Amino acid sequence: MAVTIGGACWCLVLVLSAVFGAFPIYVLEGIISEVTTDVETWKNRIFQVEESIMAKNSESAQLANLMAEKKSSLQLFVEQSIEAGKELQHLHDTECNIVALNTRHAGALREARLGV
(Lines give C-alpha, C1' and ligand atoms only; values in the text may rest on other atoms or scores of the structure.)
Protein backbone atom coordinates (compact mmCIF):
# COMPACT_ATOMS: atom_id res chain seq x y z
CA MET A 1 0.00 0.00 0.00
CA ALA A 2 2.87 2.34 0.77
CA VAL A 3 4.23 1.78 -2.72
CA THR A 4 0.91 2.84 -4.23
CA ILE A 5 0.70 5.94 -2.07
CA GLY A 6 4.29 6.81 -2.95
CA GLY A 7 3.46 6.40 -6.63
CA ALA A 8 0.43 8.64 -6.23
CA CYS A 9 2.59 11.27 -4.55
CA TRP A 10 4.99 11.29 -7.48
CA CYS A 11 2.08 11.80 -9.87
CA LEU A 12 0.79 14.63 -7.71
CA VAL A 13 4.21 16.30 -7.78
CA LEU A 14 4.29 16.20 -11.56
CA VAL A 15 0.81 17.68 -11.80
CA LEU A 16 1.59 20.43 -9.27
CA SER A 17 4.83 21.30 -11.00
CA ALA A 18 3.01 21.61 -14.31
CA VAL A 19 0.24 23.75 -12.82
CA PHE A 20 2.08 25.95 -10.34
CA GLY A 21 5.65 25.73 -11.54
CA ALA A 22 6.92 25.12 -8.02
CA PHE A 23 6.55 22.59 -5.21
CA PRO A 24 5.23 23.45 -1.78
CA ILE A 25 7.75 22.21 0.81
CA TYR A 26 5.16 20.13 2.70
CA VAL A 27 4.48 18.21 -0.52
CA LEU A 28 8.18 17.47 -0.96
CA GLU A 29 8.46 16.43 2.70
CA GLY A 30 5.46 14.10 2.27
CA ILE A 31 6.98 12.54 -0.82
CA ILE A 32 10.35 12.08 0.87
CA SER A 33 8.61 10.54 3.88
CA GLU A 34 6.66 8.10 1.68
CA VAL A 35 9.74 7.15 -0.31
CA THR A 36 11.77 6.69 2.90
CA THR A 37 9.05 4.46 4.33
CA ASP A 38 8.94 2.42 1.13
CA VAL A 39 12.73 2.03 1.13
CA GLU A 40 12.74 0.93 4.78
CA THR A 41 9.91 -1.52 4.14
CA TRP A 42 11.78 -3.09 1.24
CA LYS A 43 15.03 -3.17 3.23
CA ASN A 44 13.21 -5.06 6.00
CA ARG A 45 11.68 -7.46 3.49
CA ILE A 46 15.04 -8.10 1.86
CA PHE A 47 16.61 -8.68 5.28
CA GLN A 48 13.86 -11.17 6.17
CA VAL A 49 14.34 -13.01 2.88
CA GLU A 50 18.11 -13.14 3.41
CA GLU A 51 17.61 -14.55 6.92
CA SER A 52 15.18 -17.12 5.56
CA ILE A 53 17.65 -18.13 2.85
CA MET A 54 20.46 -18.48 5.40
CA ALA A 55 18.22 -20.62 7.63
CA LYS A 56 17.25 -22.83 4.68
CA ASN A 57 20.90 -23.16 3.63
CA SER A 58 21.84 -24.17 7.17
CA GLU A 59 18.99 -26.67 7.28
CA SER A 60 20.03 -28.05 3.88
CA ALA A 61 23.62 -28.46 5.07
CA GLN A 62 22.42 -30.29 8.19
CA LEU A 63 20.26 -32.60 6.09
CA ALA A 64 23.15 -33.26 3.71
CA ASN A 65 25.37 -34.18 6.66
CA LEU A 66 22.66 -36.43 8.08
CA MET A 67 22.24 -38.16 4.72
CA ALA A 68 26.01 -38.68 4.46
CA GLU A 69 26.03 -40.22 7.95
CA LYS A 70 23.09 -42.46 7.07
CA LYS A 71 24.78 -43.51 3.83
CA SER A 72 27.97 -44.41 5.70
CA SER A 73 25.95 -46.31 8.28
CA LEU A 74 24.10 -48.17 5.54
CA GLN A 75 27.35 -49.05 3.76
CA LEU A 76 28.78 -50.39 7.02
CA PHE A 77 25.59 -52.41 7.61
CA VAL A 78 25.81 -53.89 4.11
CA GLU A 79 29.47 -54.81 4.59
CA GLN A 80 28.73 -56.39 7.97
CA SER A 81 25.77 -58.25 6.49
CA ILE A 82 27.94 -59.66 3.72
CA GLU A 83 30.52 -60.79 6.27
CA ALA A 84 27.79 -62.31 8.46
CA GLY A 85 26.41 -64.12 5.40
CA LYS A 86 29.86 -65.55 4.66
CA GLU A 87 30.22 -66.69 8.27
CA LEU A 88 26.75 -68.21 8.19
CA GLN A 89 27.59 -70.07 4.98
CA HIS A 90 30.82 -71.32 6.56
CA LEU A 91 28.88 -72.51 9.64
CA HIS A 92 26.34 -74.24 7.40
CA ASP A 93 29.10 -75.95 5.44
CA THR A 94 30.76 -77.01 8.70
CA GLU A 95 27.45 -78.39 10.00
CA CYS A 96 26.95 -80.34 6.77
CA ASN A 97 30.48 -81.74 7.06
CA ILE A 98 29.82 -82.76 10.68
CA VAL A 99 26.57 -84.47 9.71
CA ALA A 100 28.39 -86.27 6.89
CA LEU A 101 31.17 -87.33 9.27
CA ASN A 102 28.59 -88.54 11.83
CA THR A 103 26.86 -90.52 9.12
CA ARG A 104 30.14 -92.07 7.96
CA HIS A 105 31.16 -92.73 11.55
CA ALA A 106 27.82 -94.39 12.34
CA GLY A 107 28.16 -96.49 9.17
CA ALA A 108 31.68 -97.50 10.11
CA LEU A 109 30.54 -98.45 13.62
CA ARG A 110 27.74 -100.60 12.16
CA GLU A 111 30.13 -102.29 9.82
CA ALA A 112 32.55 -102.89 12.69
CA ARG A 113 29.82 -104.44 14.84
CA LEU A 114 28.62 -106.62 12.03
CA GLY A 115 32.15 -107.58 11.21
CA VAL A 116 31.91 -106.74 7.57
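Keep in mind that the numbers below use all heavy atoms, side chains included, and drop hydrogens, waters and symmetry copies. Treat the numbers as computed from the prediction; the structure is a model and nothing was measured. Index from 1, following the sequence.
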**Request:** Go through the steps to decide whether S52 and Q48 satisfy the test side chain to side chain contact (heavy atoms under 4.5 Å, CB included), and finish with yes or no.
**Result:** CA-CA 6 Å; S52 176; Q48 290 171 350; over 6 Å; no
**Item:** CA sep, side-chain torsions, deciding dist, call: K70, L74, side chain to side chain contact (heavy atoms under 4.5 Å, CB included)
**Value:** CA-CA 6 Å; K70 296 294 181 183; L74 182 60; over 6 Å; no
[atom1]/[X] to [atom2]/[Y] distance, rounded to the nearest 0.5 angstrom?
X	Y	atom1	atom2	value
L88	D93	CG	CG	9.5 Å
T94	E87	OG1	CD	11.0 Å
R113	R110	CZ	CZ	8.5 Å
E95	N102	CD	CG	10.5 Å
T41	I46	OG1	CD1	11.0 Å
L91	K86	CG	NZ	14.5 Å

**Prompt:** Any side-chain heavy atom of E40 within less than 4.5 Å of one from K43?
**Reply:**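 Touching, per the 4.5 Å side-chain cut-off.
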**Message:** Is there a side chain to side chain contact (heavy atoms under 4.5 Å, CB included) between L109 and H105? Walk through the geometry before answering.
**Reply:** CA-CA 6 Å; L109 284 175; H105 181 67; 3.5 Å; yes
**Asked** Quick one: do the E69 and N65 side chains pair a donor with an acceptor below 3.5 Å?
**Response**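 Side-chain D/A pair, E69 to N65: absent.
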**Item:** S58 (side chain) donor-acceptor with M54 (main chain) under 3.5 angstrom
**Value:**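 Not a single qualifying donor-acceptor pair exists.
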